[in-house]
Amino acid sequence: MDRTMEQNSKIQLIYDACNAVFSQKDQLPSFQQIQWLRNLLDITSAIDLGIDEFGLCGSPSTSPKSTVEGLICGQGVRNITYIHIYECDNFSMGVFCFPAGGVLPLHDHPGMTVLSKLLYGSVYIKAYDWVKVVNSGCQTFGLASRAVDGIFKAPCEASVLFPRSGGNIHSFTALTPCAILDVLSPPYSEEFGRPSTYFSDFHIPSLPGYAMLEEKDLPDDLVVTGAPYVGPRINVA
């Protein structure tokens with residue numbers, strides 16, 4: 001792939017936009033900037049990121065196989081698989097590939113803006129926002145309102161969640177093999193107080209649309225494997 005094609009690749013356009021939008025210190029992105037990013041995610045497909053939904057990979061395995069063209073086969077994952085594309089202090093980009101039935105439990109995005117694009121497949125998404133939260137020092141719990149509760153099937157528009165709205169605490173359940181492109185700003189960081197926290201939800205019969213959320217340990221049965229990014233090279237500014 002020549003340099004001109006790399007510069008015009010969809011992932012290069014997303015990187016350039018993220019670099020412009022999320023590198024502004026102490027300034028939240030505007031509605032227009034978020035919409036710009038959403039539009040770029042919406043015109044991006046799995047193949048633009050080096051992922052072939054079906055491919056020529058044969059039977060599923062514990063890690064993604066490549067097609068003869070050097071693409072990752074989306075149907076060839078047995079575990080939830082994360083393809084790390086890029087990360088800096090201001091944002092990160094990556095793709096989660098799910099086998100049918102794969103579940104990423106309720107987890108939060110502390111202080112983050114997150115854009116997610118379903119590249120292919122069908123997924124059930126449940127998401128909450130805090131109404132009242134208590135952090136006892138050893139556990140976080142509180143009342144949350146349900147922001148999203150539904151099935152999404154590609155093609156559909158990219159979604160956006162913000163630090164306090166849009167469904168900052170969400171879960172994914174893959175109904176079919178699927179893949180989700182995620183852009184996070186800023187990225188997770190234990191050092192800077194942005195760990196990933198998992199939750200259980202308990203519905204309140206007398207309050208439809210609300211639930212009590214309670215922090216829980218990382219689920220023992222949650223397995224996320226890593227895979228290399230094989231899409232177009234990103235020219236980093």
Side-chain angles (χ1 to χ4, degrees), residues 1-23 34 36-58 60-100 102 104 112-123 152-160 172 174 176-188 224-237:
M1 181 178 293
D2 63 37
R3 188 174 180 81
T4 300
M5 291 178 66
E6 287 175 346
Q7 290 176 332
N8 294 331
S9 69
K10 302 287 182 59
I11 194 61
Q12 183 69 50
L13 294 175
I14 294 172
Y15 164 82
D16 290 340
C18 287
N19 199 43
V21 170
F22 295 129
S23 296
I34 291 296
W36 176 33
L37 284 170
R38 284 186 68 176
N39 291 340
L40 290 175
L41 266 67
D42 278 337
I43 62 172
T44 302
S45 63
I47 205 74
D48 295 320
L49 306 174
I51 303 168
D52 186 346
E53 178 182 356
F54 299 105
L56 304 172
C57 62
S61 66
T62 56
S63 62
K65 297 182 180 179
S66 298
T67 70
V68 293
E69 297 175 342
L71 303 176
I72 287 177
C73 174
Q75 296 276 359
V77 298
R78 182 170 294 164
N79 299 319
I80 300 173
T81 300
Y82 183 69
I83 302 169
H84 173 77
I85 298 176
Y86 176 81
E87 182 172 327
C88 65
D89 290 343
N90 298 316
F91 64 93
S92 65
M93 304 185 298
V95 178
F96 283 97
C97 292
F98 292 80
L104 196 56
M112 301 179 191
T113 298
V114 180
L115 292 94
S116 298
K117 169 64 177 176
L118 180 63
L119 300 171
Y120 61 80
S122 180
V123 63
F152 295 80
K153 183 177 180 180
C156 58
E157 292 185 348
S159 63
V160 186
F172 297 116
T176 69
C178 64
I180 299 172
L181 169 62
D182 262 354
V183 174
L184 283 67
S185 178
Y188 286 110
V224 179
T225 59
Y229 170 65
V230 298
R233 183 170 63 89
I234 298 173
N235 295 311
V236 179

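Everything numeric here is computed off the predicted structure, so don't read it as measured data.
Within the model, atoms OH of Tyr82 and CG of Leu104 stand 11.5 Å from one another, a figure rounded to the nearest 0.5 Å. For the atom pair Ser92 OG and His84 NE2, the distance stands at 7.5 Å (nearest 0.5 Å). One distance of note links CG of Asn235 with OG of Ser9; it measures 8.0 Å at 0.5 Å rounding. Atom CZ of residue Phe54 and atom SG of residue Cys73 lie 9.5 Å apart, to the nearest 0.5 angstrom.
The minimum heavy-atom distance between Ala174 and Pro99, with the atom names listed, is CB-O, 3.3 Å. Of all heavy-atom pairs spanning Ile83 and Tyr229, the tightest one is CG2-CA, 3.6 Å. Annotation for Thr176 and Gly121: closest pair OG1-CA, 3.3 Å, computed over non-hydrogen atoms. Contact detail for Ile34 and Leu115: the closest heavy-atom pair is O-CD2, 4.2 Å. Taking each heavy atom of Ile51 and Cys97 in turn, the nearest pair found is CD1-SG, 4.2 Å. Shown here for Lys117 and Cys156, the closest heavy-atom pair between the two residues is NZ-O, 2.5 Å.
Checked against ring-ring contact (aromatic ring centres under 6.0 Å, His included), Tyr86 has the following partners two or more places apart in sequence or in another chain: Tyr15, Phe91. Residues passing the side-chain hydrogen bond (donor to acceptor under 3.5 Å, both in side chains) test with Ser116 are Asp182, sequence neighbours excluded. Looking at residues two or more places apart in sequence or on another chain, you find a side-chain hydrogen bond (donor to acceptor under 3.5 Å, both in side chains) between Glu157 and Arg38. Evaluation of the ring-ring contact (aromatic ring centres under 6.0 Å, His included) rule for Phe98 yields no partner, not counting sequence neighbours. Scored by the side chain to side chain contact (heavy atoms under 4.5 Å, CB included) test, Tyr188 finds His107, His109, Pro110, Met112, Leu184, Ser196 as partners (sequence neighbours excluded). Considering only residues two or more places apart in sequence or on other chains, Asn19 meets the side-chain hydrogen bond (donor to acceptor under 3.5 Å, both in side chains) condition with Ser23. Judged as a side chain to side chain contact (heavy atoms under 4.5 Å, CB included), and not counting sequence neighbours, the contacts of Ala154 are Leu118.
Residues Phe172 and Ile80 are not in side-chain contact: their nearest non-hydrogen atoms beyond the backbone lie 4.5 Å or more apart. Proximity of Ile72 to Val95: side-chain heavy atoms (C-beta onward) are nowhere separated by under 4.5 Å.
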Could you list the donor-acceptor pairs under 3.5 angstrom formed by side chains in residues 39-49, with sequence neighbours left out?
residue: Asn39; atom: OD1; partner: Gln35; partner atom: NE2; Å: 3.2
residue: Asn39; atom: ND2; partner: Gln35; partner atom: O; Å: 3.2
residue: Asp42; atom: OD1; partner: Ala158; partner atom: N; Å: 2.7
residue: Thr44; atom: OG1; partner: Leu40; partner atom: O; Å: 2.8
residue: Ser45; atom: OG; partner: Asp48; partner atom: OD2; Å: 2.9
residue: Asp48; atom: OD2; partner: Lys10; partner atom: NZ; Å: 3.3
residue: Asp48; atom: OD2; partner: Ser45; partner atom: N; Å: 2.9

task: Test Ile85 against Ile11 for side-chain contact (heavy atoms from CB on, under 4.5 Å), laying out the working first.
output: CA-CA 9 Å; Ile85 298 176; Ile11 194 61; 4.0 Å; yes
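Side-chain contact check for Asn8 and Gln12: no donor-acceptor pair (N or O, by modelled atom type) lies under 3.5 Å.
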